[in-house]
Amino acid sequence: MRRSKKWVIAVIAGSMITLTACGSDNAGSSDPNAKGAGGTSGKEKPFELNVAFAVFNPIPSNLPEVQEAINKITLSKINATVKLTPINIGSWTQQSNLMLSSNEKLDLMYVSGRNYASMISKGQLVKLDPPLDQYGQDIKKVFDPSYLNASKVNGSIYGIPSNRDLAANYGVNFRKDLVDKYKIDVSTIKSIDDLESVFKTVKSGEPNMTPLVPQASGISFVDSYRWYDSLGDSIGVLPNYDNNLKVVDLYETPEYAAFLKKLRSWYQAGYILQDAATNKDSNTALIKANKGMAYLINQKPGLDLQDTRAAGTPIITVPLTPAYATTSSVSNIMWGIPQNATNPQKSMQFLNLMYADKDIVNLLDWGMEGKDYVKKSDGLIDYPPGVDSKSVAYNLNQGWMFGNQFLSYVFNGDDPQIWNKMNDFNKQAIKSKALGFSFDATPVKTEYAAVTNVVSQFKMALETGSVDPDSVLPQFISKLKASGMDKIIAEKQKRLDEWSKQSK
């Protein structure tokens, strides 16, 4: 939790519009190297797996040492070695596509929800059902079947989600010092409507501060407070995560218009950052710069401690909705086996270890024991003497990516029960009625491209309160209809109905 994904996930998640799947079934080929899910004859030459993943921070200087430690485990358990191939997130899409198109050796790779659809449509990912059934028993034990199947496309699994927070409840995070200063009783805040009086109080006492700041660059306040399943892209949504599976145009709903009016009134009252539509800073960076006291955000257990460290001041969380699980919340961070893989079974064996072997998980999450961390009492870990966050060699900060995060050690200062609470959070989340559905936009690809352009033109200004919705929203809706929104809604409804029948 100390090393958080922050809003990287929101950026990564993006739109998840699944195109026609055309992956082959080479996963069912014979495996001359495999001797079962965990065993080996010890006589065969070890198989080397090239494992590629995106990194959001500098590559750890001691990654080769971590790789060597992992290989001692994998040699014994699956007669394989692992070559870790980290790629900076800024270059990830280009570099990974180059590896795939050049048929470079690549056996296992990180897959983001943003790229999942196009990778399937290009035939770049193996269907995982056969190797998962044969070698992924530990993966299956980790997940509720509805979560594991959320990445299915046309009936087949192409990606395995990491086991982390698989749902989200929407709420508001506050600076605790200002909550205390103005004696704000957060227990009385139950809905979005209860925030206005808080903002008014803070604005009166802090005239040079705008109480509400955006969650991140390019993320609107509607993105940070949803009352609907976006069905991957918000171009045709499911209100209340159910709506009897009837798809509607979000932008024409009374709820959307009412929320825009509320945001506009807050903006005009000075409660919202004036450049919210074009802001480039994160929520915690804005808090740290004393530019705001609150932000709407999708929440999870431990978020208060996570954001407290990032903001440099105590943060408290106030939930405004129950937790909901959607296809996007589950499938935004996954692992897949590329078509380049020559031994998909061996790839699945290692992937299975990422969900079952605590030593491998913690090597990937924390680095080398004694050098990058030391064990404390009560199952916690901390920096070794003389080492801190700036000097530690292994500072990848991506425990949410590598397999089963619930096997990860808990860093000193975090809640020792965080993984139990996260597991309960996932189990108790309300599952969207469309959990597992993903949209094939191929039949309406022309309209989809046109509508996407219109949304990009209007969305941020409207959903940050920066323009008057009374005049701008009708223009937005008119242009959406002219671009083919109704045709997309009809196609999405058709596909959802078909999916619903097949799921019964």
Side-chain angles (χ1 to χ4, degrees), residues 1-6 38 46 48-86 108 110 138-139 141-142 162-165 301-302 305-306 309-310 333 335 349-423:
M1 296 300 295
R2 171 184 64 102
R3 303 172 174 200
S4 77
K5 61 189 174 183
K6 293 303 297 163
E48 183 184 68
L49 295 162
N50 185 21
V51 180
F53 56 95
V55 294
F56 300 86
N57 293 298
I59 296 172
S61 60
N62 64 339
L63 188 63
E65 186 179 7
V66 170
Q67 176 179 291
E68 183 179 353
I70 291 173
N71 287 339
K72 289 179 181 179
I73 301 172
T74 56
L75 273 171
S76 172
K77 291 195 170 185
I78 61 172
N79 194 36
T81 60
V82 175
K83 177 187 176 185
L84 299 176
T85 303
L108 187 65
Y110 154 78
D138 292 305
I139 293 174
K141 290 176 184 177
V142 165
S162 61
N163 192 31
R164 56 186 196 283
D165 50 310
L305 292 175
Q306 169 185 306
R309 275 186 286 270
I333 302 167
W335 287 88
Q349 286 182 21
F350 176 67
L351 184 58
N352 189 67
L353 288 179
M354 287 172 59
Y355 291 79
D357 192 292
K358 189 168 186 174
D359 292 332
I360 288 178
V361 169
N362 282 288
L363 281 163
L364 290 167
D365 288 357
W366 301 113
M368 302 299 296
E369 181 180 358
K371 296 181 179 180
D372 300 304
Y373 70 90
V374 291
K375 293 179 181 177
K376 311 289 284 187
S377 60
D378 301 322
L380 300 176
I381 62 172
D382 207 337
Y383 293 118
V387 177
D388 59 21
S389 61
K390 295 181 180 179
S391 61
V392 67
Y394 197 87
N395 200 14
L396 201 57
N397 300 344
Q398 293 177 201
W400 42 267
M401 176 184 285
F402 297 109
N404 185 4
Q405 191 178 22
F406 296 175
L407 296 178
S408 184
Y409 296 132
V410 177
F411 205 82
N412 190 32
D414 286 331
D415 184 350
Q417 297 300 314
I418 185 60
W419 301 134
N420 290 331
K421 291 179 179 179
M422 193 77 78
N423 191 38

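By the side-chain hydrogen bond (donor to acceptor under 3.5 Å, both in side chains) test, Glu68 is found to be paired with no residue, residues two or more places apart in sequence or in another chain being considered. Applying the salt bridge (Lys or Arg N to Asp or Glu O under 4.0 Å) criterion to Lys421, with sequence neighbours excluded, gives Asp415. With sequence neighbours excluded, no residue satisfies ring pair (Phe, Tyr, Trp, His ring centres under 6.0 Å) with Phe350. In this view, Ser162 and Arg164 satisfy the side-chain hydrogen bond (donor to acceptor under 3.5 Å, both in side chains) rule, not counting sequence neighbours. Evaluation of the side-chain contact (heavy atoms from CB on, under 4.5 Å) rule for Asn71 yields Gln67, Thr74, Thr81, Val82 as partners, not counting sequence neighbours. With sequence neighbours left out, the side-chain hydrogen bond (donor to acceptor under 3.5 Å, both in side chains) criterion links Asp138 to Asn352. The salt bridge (Lys or Arg N to Asp or Glu O under 4.0 Å) test applied to Lys371 returns Glu65, not counting sequence neighbours. Residues forming a side-chain contact (heavy atoms from CB on, under 4.5 Å) with Ala80 (at least two apart in sequence, or on another chain): Leu49, Ile78, Lys346. Remark: Thr85 engages Asn50 in a side-chain hydrogen bond (donor to acceptor under 3.5 Å, both in side chains) (not counting sequence neighbours). Here Val387 pairs with Tyr383, Pro384, Ser391, Val392 under the side-chain contact (heavy atoms from CB on, under 4.5 Å) rule; sequence neighbours left out. Under the rule for a side-chain contact (heavy atoms from CB on, under 4.5 Å), the partners of Asn57 that lie at least two apart in sequence or sit in another chain are Asn397.
Ring centroid separation for the pair Phe402 and Phe53 comes in under the 6.0 Å cut-off.
Contacts classified as salt bridge (Lys or Arg N to Asp or Glu O under 4.0 Å) and involving residues 351-363 (residues at least two apart or in different chains) are given here: Lys77-Asp357.
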Tell me, with the steps shown, if Met401 and Phe56 meet side chain to side chain contact (heavy atoms under 4.5 Å, CB included).
-> CA-CA 11 Å; Met401 176 184 285; Phe56 300 86; 4.0 Å; yes
Decide yes or no on side chain to side chain contact (heavy atoms under 4.5 Å, CB included) for Ile70 and Leu84, but give the supporting numbers first.
-> CA-CA 10 Å; Ile70 291 173; Leu84 299 176; 4.2 Å; yes
Residues Phe406, Val142; criterion side chain to side chain contact (heavy atoms under 4.5 Å, CB included); working and verdict = CA-CA 10 Å; Phe406 296 175; Val142 165; over 6 Å; no
Would you please test Leu363 and Met368 for side chain to side chain contact (heavy atoms under 4.5 Å, CB included) and show each step?
-> CA-CA 6 Å; Leu363 281 163; Met368 302 299 296; 3.8 Å; yes
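Pairing each heavy atom of Pro60 with each of Asn395, the nearest pair is CG-N, 4.2 Å. Leu63 and Pro86 make their closest contact through CD2-CG, 3.5 Å (heavy atoms, listed as atom of the first residue, atom of the second, distance).
By the 4.5 Å heavy-atom criterion applied to side chains, Gln306 and Ile418 are not counted as neighbours. Between Pro301 and Asp165, every side-chain heavy-atom pair lies at or beyond the 4.5 Å cut-off.
Ile360 contributes atom CD1, which lies 10.5 Å from atom CG of Leu407 (distance to the nearest 0.5 angstrom).
Ring geometry for Tyr373 against Tyr409 counts as tilted: the plane angle lies between 30° and 60°, on a 0 to 90° scale.
Under the 3.5 Å distance criterion, the side-chain polar atoms of Trp419 are matched with a main-chain donor or acceptor of Ser408.
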